[in-house]
Amino acid sequence: MATCSIEDVLAKAEKDEAEKLKSITVIKEQDLEFDPGNMLAFDKNPPDIRQFREKKKDDFLRSLARDNAQLLINEMWKLPTERVAEAIVAKLPEPTTRLPREKPAPKPRAPTKWEEFAKLKGIQNKKKTNLVWDDVHKEWKRRWGYKRAKDDTKEWLIEVPETADPNEDQFAKRNKAKTERVAKNELNRLRNIARSQKIKVPGVGLAPTAQQSKSELGKAMHVAKMSTASVGKFQDRLPKEKAPRNTGKRRKFQPLIGDFSTEKQRQLDILNIMDSKKPRLDINKAANKQMREEDMESRKKTGPGKKGQKGRKGKFSGKKSKAPKLAPKGANSRKLNKQKGKR
Amino acid sequence: MRPLTDDETKTMFEKLSKYIGENIKLLVDRPDGTYCFRLHNDRVYYISEKILKLATSISREKLVSVGTCFGKFTKTLKFRLHITALDFLAPYAKFKVWVKPGAEQSFLYGSHVMKSGLGRITENTVQYQGVVVYSMADVPLGFGVAAKSTQECRRVDPLSIVVFHQADIGEYIRSEDTLT
């Protein structure tokens with residue numbers, strides 16, 4: 001039994017070995033088409049349907065795949081190879097099969113505001129020639145752009161219109177008009193982008209948004225305050241308004257070791273201002289004083305009977321006559337009741 | 001280290017004046033030498049001119065403390081007094097509270113002063129007035145805020161709070177590593 005099993009095992013091992021070392025040549029009725037650039041192989045042979053049914057389907061497919069992979073690898077070996085750090089590397093040629101793109105095709109650009117308007121009105125682009133005849137230079141020049149025909153920026157003289165101010169610089173005026181046109185064009189371009197992406201169209205300066213944050217409101221308020229002829233110098237402030245932060249103003253400090261006497265004087269000035277702002281009559285203090293006097297009076301009235309108790313209490317307030325004595329609790333509450341009655 | 005700006009000086013003086021009133025002038029204008037306030041690491045230090053000049057030779061990162069720390073500016077730019085300022089608050093304090101020996105310990109552990117622990121209180125103390133807390137032997141223990149006016153103090157029950165605790169000398173041990 002044991003020997004039999006050993007033979008079995010040996011035979012099986014041999015079979016496995018043979019399976020592994022399956023010949024690298026694969027015979028196909030029709031040759032495969034290869035695209036080594038993409039490491040692709042197309043098998044045009046029809047699959048053997050009978051075998052497909054008889055054999056296990058998985059096994060059949062696996063062996064078919066193995067054979068085709070073998071053929072592909074054989075093909076790869078035909079390519080020029082080189083050794084790079086103990087690895088054999090084949091140089092792939094250009095791929096011949098065109099693969100479909102990974103991402104979907106981009107959507108067409110949303111029409112600009114002008115394009116929408118032109119479509120609505122039925123305005124169509126008229127093709128114009130790129131070159132036009134320049135009468136002055138007697139040659140063909142571009143219609144627009146660099147070195148264009150009838151270039152009004154290159155004029156050495158401009159006639160001052162009759163209605164214009166004679167002291168006005170016509171060249172500067174033209175330049176300004178040009179930069180403004182460019183700026184307007186740029187703004188329109190950005191607006192078109194914003195519109196196509198469904199972003200809020202940016203306005204000029206601080207555009208009102210639906211939900212303004214605290215900082216935005218503060219900024220808007222600050223801008224509004226500064227927008228006066230005197231740059232907000234004489235604008236009133238709210239009682240507890242804080243100066244705006246991060247306005248680009250740098251903090252400046254006094255020197256660490258400067259003039260100590262002026263520093264002292266400044267601090268004294270601050271103290272004087274603080275003192276002058278205090279109310280002369282502190283209502284709380286006055287009321288307390290009044291209450292205390294009333295207390296004293298009422299104590300005088302009931303005084304003579306409680307001498308012993310007061311003496312006992314006296315040990316705490318021996319030093320300073322300023323500190324009021326704390327009367328015993330019982331007497332306290334009685335006095336309180338009396339006071340309440342008075343009022 | 002830098003001098004305080006006017007705004008900072010004002011907030012600090014306002015806080016100090018709660019405890020020592022107009023006696024701040026005595027801190028600013030001293031007959032025994034020139035003293036000044038300097039800001040370093042958001043903390044306000046009260047330094048004599050002589051020491052300030054010596055301290056300038058120490059780099060900002062290395063300088064831990066110089067002179068007496070009065071307190072610090074919080075991130076919201078309020079000023080908070082530290083216990084280290086007590087040495088200058090106590091002699092000039094306008095309103096004082098003395099605590100009984102039995103209540104000393106609980107105050108030094110950071111709790112408020114109860115009516116039962118109240119020994120004496122300066123008369124005419126109004127509510128929420130800054131007060132300096134002394135032991136009965138006139139040793140300054142810390143400072144706080146009067147929770148009741150002197151008049152009210154007489155009538156309240158013994159367990160009610162009379163002085164809110166703000167700082168006490170127990171902090172020298174409790175928060176040793178943060179005090180500078």
Side-chain angles (χ1 to χ4, degrees), chain A residues 242-243 245 251-275 277-278 282-296 299 313 315-329 331-333 335-337 339-340, chain B residues 1-14 16-17 21-25 27-30 33-40 48-49 52-53 55-56 77 96-98 100 115 118-129 136-138 149-158:
Chain A
K242 282 173 190 161
R245 278 182 169 187
R251 296 188 301 173
K252 260 187 191 166
F253 302 121
Q254 297 307 118
L256 175 59
I257 294 178
D259 192 354
F260 284 99
S261 60
T262 52
E263 188 185 330
K264 187 167 79 184
Q265 198 51 50
R266 251 215 342 269
Q267 288 176 344
L268 289 175
D269 285 348
I270 289 172
L271 281 174
N272 279 339
I273 291 168
M274 276 167 58
D275 270 358
K277 277 184 183 165
K278 265 183 205 159
D282 193 339
I283 294 169
N284 259 338
K285 243 182 188 171
N288 274 346
K289 205 173 178 186
Q290 177 67 22
M291 276 162 72
R292 193 180 131 70
E293 272 167 13
E294 277 174 14
D295 261 17
M296 294 286 266
R299 206 182 295 168
K313 244 348 219 197
K315 75 178 176 185
F316 287 137
S317 49
K319 257 186 201 165
K320 294 209 174 175
S321 56
K322 238 186 167 182
K325 288 162 190 173
L326 291 167
K329 205 183 152 198
N332 245 344
S333 60
K335 268 178 218 160
L336 181 64
N337 290 340
Q339 273 202 341
K340 270 183 185 167
Chain B
M1 203 158 42
R2 65 169 171 85
L4 305 184
T5 61
D6 281 358
D7 284 345
E8 285 164 346
T9 313
K10 207 175 155 215
T11 42
M12 190 191 68
F13 281 175
E14 265 164 10
L16 274 178
S17 70
E22 62 276 2
N23 288 342
I24 306 173
K25 275 180 188 161
L27 288 178
V28 175
D29 194 5
R30 275 173 73 149
T34 314
Y35 279 73
C36 56
F37 293 100
R38 287 289 178 271
L39 191 83
H40 174 64
S48 82
E49 182 198 352
L52 175 65
K53 280 179 177 165
T56 50
L77 302 177
K96 303 178 183 181
V97 163
W98 287 264
K100 290 178 184 169
K115 161 76 189 293
L118 183 71
R120 297 189 332 190
I121 183 168
T122 313
E123 69 175 294
N124 284 335
T125 309
V126 292
Q127 203 178 15
Y128 308 133
Q129 168 71 49
M136 289 314 283
D138 265 342
S149 66
T150 311
Q151 303 295 314
E152 284 171 320
C153 279
R154 299 200 180 132
R155 284 158 202 155
V156 292
D157 60 309

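What you see below is based on every heavy atom in this structure, not just the backbone, and it leaves out hydrogens, waters and symmetry mates. By convention in this document, chain letters (A, B, ...) are assigned in the order of the sequence lines, proteins followed by strands, and residues within each chain are numbered from 1. Because the structure is a prediction, the values reported are computed rather than measured.
- Rounding to the nearest 0.5 Å places CG of A/Asn272 at 11.5 Å from CD of B/Glu22.
- When heavy atoms are compared at a cutoff of 4.5 Å, A/Gln254 approaches chain B by way of both its backbone and its side chain.
- Looking at A/Leu268 and B/Lys25, their side chains come closer than 4.5 Å, going by heavy atoms from C-beta outward.
- Closest approach of B/Arg38 and A/Phe260 over heavy atoms only: NH2-CE2, 3.6 Å.
- Both the backbone and the side chain of B/Phe37 come within contact range of chain A, judged by heavy atoms closer than 4.5 Å.
- Atom CE in B/Met12 sits 9.0 Å away from atom CD1 in A/Ile270 (nearest 0.5 Å).
- For NZ of B/Lys10, the number of neighbouring non-hydrogen atoms (other residues, nucleotides, ligands) closer than 6.0 Å is 12 at most.
- For the set B/Glu152, B/Gln129, B/Glu14, the entry with the most heavy-atom pairs within less than 4.5 Å of chain A is B/Glu14.
- Here the CD atom belonging to A/Gln267 is positioned 7.0 Å from the CG atom belonging to B/Leu4, to the nearest 0.5 angstrom.
- Listed options A/Asp275, A/Asp269, A/Ile273, A/Ile257 were ranked by heavy-atom pairs under 4.5 angstrom with chain B; first place goes to A/Ile257.
- Using a 4.5 Å cut-off between heavy atoms, B/Leu27 makes no contact with chain A at all.
- How far SG of B/Cys36 is from CD of A/Glu263: 5.5 Å, rounded to the nearest 0.5 Å.
- No donor-acceptor pair closer than 3.5 Å links the side chain of A/Arg292 to the backbone N or O of B/Asn124.
- Among the candidates B/Thr5, B/Asp6, B/Thr34, the residue making the largest number of heavy-atom pairs closer than 4.5 Å to chain A is B/Asp6.
- Closest heavy-atom contact between A/Lys264 and B/Asp29: NZ-OD1, 3.2 Å.
- To the nearest 0.5 angstrom, A/Lys252 atom NZ is 14.5 Å from B/Arg2 atom CZ.
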side-chain contact (heavy atoms from CB on, under 4.5 Å) between B/Thr9 and A/Arg266: does it pass, once the steps are laid out?
-> CA-CA 10 Å; B/Thr9 313; A/Arg266 251 215 342 269; 6.0 Å; no
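- In terms of heavy-atom proximity, A/Asn288 sits nearest to B/Ser149 at ND2-CB, 3.8 Å.
- Between A/Pro255 and B/Pro3, the shortest heavy-atom distance links the atoms O-CG, 3.2 Å.
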